[in-house]
There are 2 protein chains.
Amino acid sequence: MKKKAATGMHGDCGPKHLAIKDTMELLSGKWKIQIIGALMRNGTMRFMDLLREVDGIAAKMLSKELQELEINELVKRTVCDTKPITVEYEMTTYGRTLEKVIAELAHWGELHRKRIFKKSK
Amino acid sequence: MKKKAATGMHGDCGPKHLAIKDTMELLSGKWKIQIIGALMRNGTMRFMDLLREVDGIAAKMLSKELQELEINELVKRTVCDTKPITVEYEMTTYGRTLEKVIAELAHWGELHRKRIFKKSK
DNA sequence: CAGGATCCTTTACGATACTG
DNA sequence: CAGTATCGTAAAGGATCCTG
């Protein structure tokens, strides 16, 4: 079964709402943002490097998430012709356009933490 | 069991990453953004109004999502003393600070749709 | 090394019925 | 009207083993 990029083409026409949903689905889940973050900080990384840096992730998950990111052209996958082959991943320039979005998420999140912490004492 | 606002205090200190996660968790799921969108567009709405406007949502879900939004101070809940009681919901001014974040999500999502559609023909 | 296959657990979500 | 309770399904995520 062929996989497709995230662009939910359901008949109903909520205009902006679908675009938001696309972005959210791309970034949702337990690992996507951590993987993107690691790649943005470190540049090119091998599968193993990611497996170590992303903390608790299992190989299966990492593999699956990277495929999604690749399909959506956020990440470039390069197979290196070494003895046991290695694979390198890096953000595409397109993928880096997410930086603004993520920065906004981080900024609001920090405000929110401050606000909620203050209330709880 | 008392519910708490979304501020994942796990021991590990990924600094920005936790803030991002908070924001994502708050907006994730099938309904949150649609509910927020409806309230932002329409101002004050009763439970029933939301039930109709948010399309396929079930009362249980709507109720649960609204509670989360209320706990995080994004939405204000007001019980009206009518015959069968009614309840009104509206965005708090704090909740409206999400507008920028959501706008960013929408903007990037639209770029992404154009990009992915173009490739598929 | 990079990942696919299999199996299992957990969480999200949904349908229906009921109450103040 | 505005929910809560109960139950059931589907999807996300995790553990382990296997292969080129």
Side-chain angles (χ1 to χ4, degrees), chain A residues 1-4 6 8 10 21-22 24-36 38-39 42 44-72 75-90, chain B residues 1-4 6 8 10 12 21 24-36 38-39 42 44-72 75-90:
Chain A
M1 174 181 146
K2 275 196 67 177
K3 291 183 182 177
K4 292 192 53 183
H10 349 66
K21 209 181 153 201
D22 286 348
M24 286 299 294
E25 280 175 6
L26 224 75
L27 300 181
S28 282
K30 206 169 168 183
W31 304 112
K32 297 268 171 55
I33 300 223
Q34 290 188 67
I35 294 171
I36 292 173
L39 288 173
N42 302 327
T44 300
M45 298 180 78
R46 283 180 302 161
F47 190 86
M48 259 303 154
D49 298 334
L50 280 165
L51 209 51
R52 270 183 282 271
E53 176 129 352
V54 177
D55 190 41
I57 198 170
K60 172 194 167 184
M61 272 298 133
L62 180 55
S63 172
K64 206 197 69 180
E65 303 288 65
L66 284 170
Q67 283 174 31
E68 278 193 50
L69 295 176
E70 196 196 352
I71 288 173
N72 284 283
V75 161
K76 175 157 157 264
R77 178 176 180 274
T78 313
V79 179
C80 303
D81 197 0
T82 52
K83 311 301 164 51
I85 61 165
T86 57
V87 181
E88 289 182 347
Y89 292 91
E90 60 188 315
Chain B
M1 173 179 147
K2 274 197 67 177
K3 291 183 182 178
K4 293 192 50 182
H10 349 65
D12 74 286
K21 207 180 155 201
M24 285 300 293
E25 279 174 7
L26 223 74
L27 301 180
S28 281
K30 204 168 168 183
W31 304 112
K32 297 267 171 55
I33 300 224
Q34 289 188 67
I35 294 171
I36 292 174
L39 287 173
N42 301 326
T44 301
M45 297 180 77
R46 283 180 303 161
F47 190 86
M48 261 301 154
D49 298 335
L50 280 165
L51 208 51
R52 270 184 281 270
E53 177 129 351
V54 178
D55 190 42
I57 197 171
K60 173 193 167 184
M61 272 298 134
L62 180 55
S63 172
K64 206 198 69 181
E65 303 288 65
L66 284 169
Q67 283 175 31
E68 279 194 50
L69 295 176
E70 196 196 351
I71 287 172
N72 284 282
V75 161
K76 175 157 157 267
R77 177 176 181 274
T78 314
V79 179
C80 303
D81 196 0
T82 51
K83 311 303 164 50
I85 62 164
T86 57
V87 182
E88 289 182 347
Y89 293 90
E90 60 187 316

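Residue numbers begin at 1 in each chain, while the letters A, B, ... track the order of the sequences.
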Rounded to whole Å, please give me the gap between [atom1] in [X] and [atom2] in [N].
| X | N | atom1 | atom2 | answer |
| --- | --- | --- | --- | --- |
| D81(A) | dA2(C) | CG | C1' | 14 Å |
| L66(A) | dC1(C) | CG | C1' | 14 Å |
| L51(A) | dG3(C) | CG | C1' | 11 Å |
| F47(B) | dA2(D) | CZ | P | 7 Å |
| R77(B) | dA2(D) | CZ | P | 10 Å |
| M45(B) | dC1(D) | CE | P | 14 Å |
| L62(B) | dA2(D) | CG | P | 10 Å |
| R52(B) | dC1(D) | CZ | C1' | 11 Å |

Listed by chain and number, what are the side chain to side chain donor-acceptor pair (under 3.5 Å) partners of [X], not counting sequence neighbours?
| X | result |
| --- | --- |
| R46(B) | none |
| R52(B) | none |
| N42(B) | E53(B) |
| E88(B) | none |

Q) Among dA2(D), dA2(C), dG4(C), which is the nearest nucleotide to the side chain of Q67(A)? A) dG4(C)
Q. If you check every side-chain atom of S63(B), which of dT4(D), dA2(D), dG3(C) has the closest atom?
A. dT4(D)
Q: Show your working on side chain to side chain contact (heavy atoms under 4.5 Å, CB included) between M24(B) and L27(A) and close with a plain yes or no.
A: CA-CA 8 Å; M24(B) 285 300 293; L27(A) 300 181; 3.7 Å; yes
Q: May I ask you to verify if any side-chain N or O of Y89(B) is less than 4.0 angstrom from the OP1 or OP2 atom of dC1(D)?
A: no
Q: Produce a footprint string for nucleotides 12-20 of chain D: one letter per nucleotide, 5' end first; B if the base is under 4.0 Å from any protein heavy atom, S if only the sugar-phosphate is, - if neither.
A: -BBB-----
In chain order, what residues pass the side chain to side chain contact (heavy atoms under 4.5 Å, CB included) check against [X], with sequence neighbours excluded?
| X | value |
| --- | --- |
| E65(B) | W31(B), K32(B), I35(B), E68(B) |
| A59(A) | F47(A), L51(A) |
| E90(A) | T44(A), K76(A), T78(A) |

Q: Give the dot-bracket string for DNA chain C, reading 5' to 3', where a pair is Watson-Crick or G-U wobble with both distances under 3.5 Å, ( ) marks pairs inside the strand, [ ] marks pairs crossing earlier ones, | marks a partner on another strand, and . marks unpaired.
A: ||||||||||||||||||||
(Q) Measuring only between side-chain heavy atoms, which start at C-beta, is L50(B) closer than 4.5 Å to I57(B)? (A) no
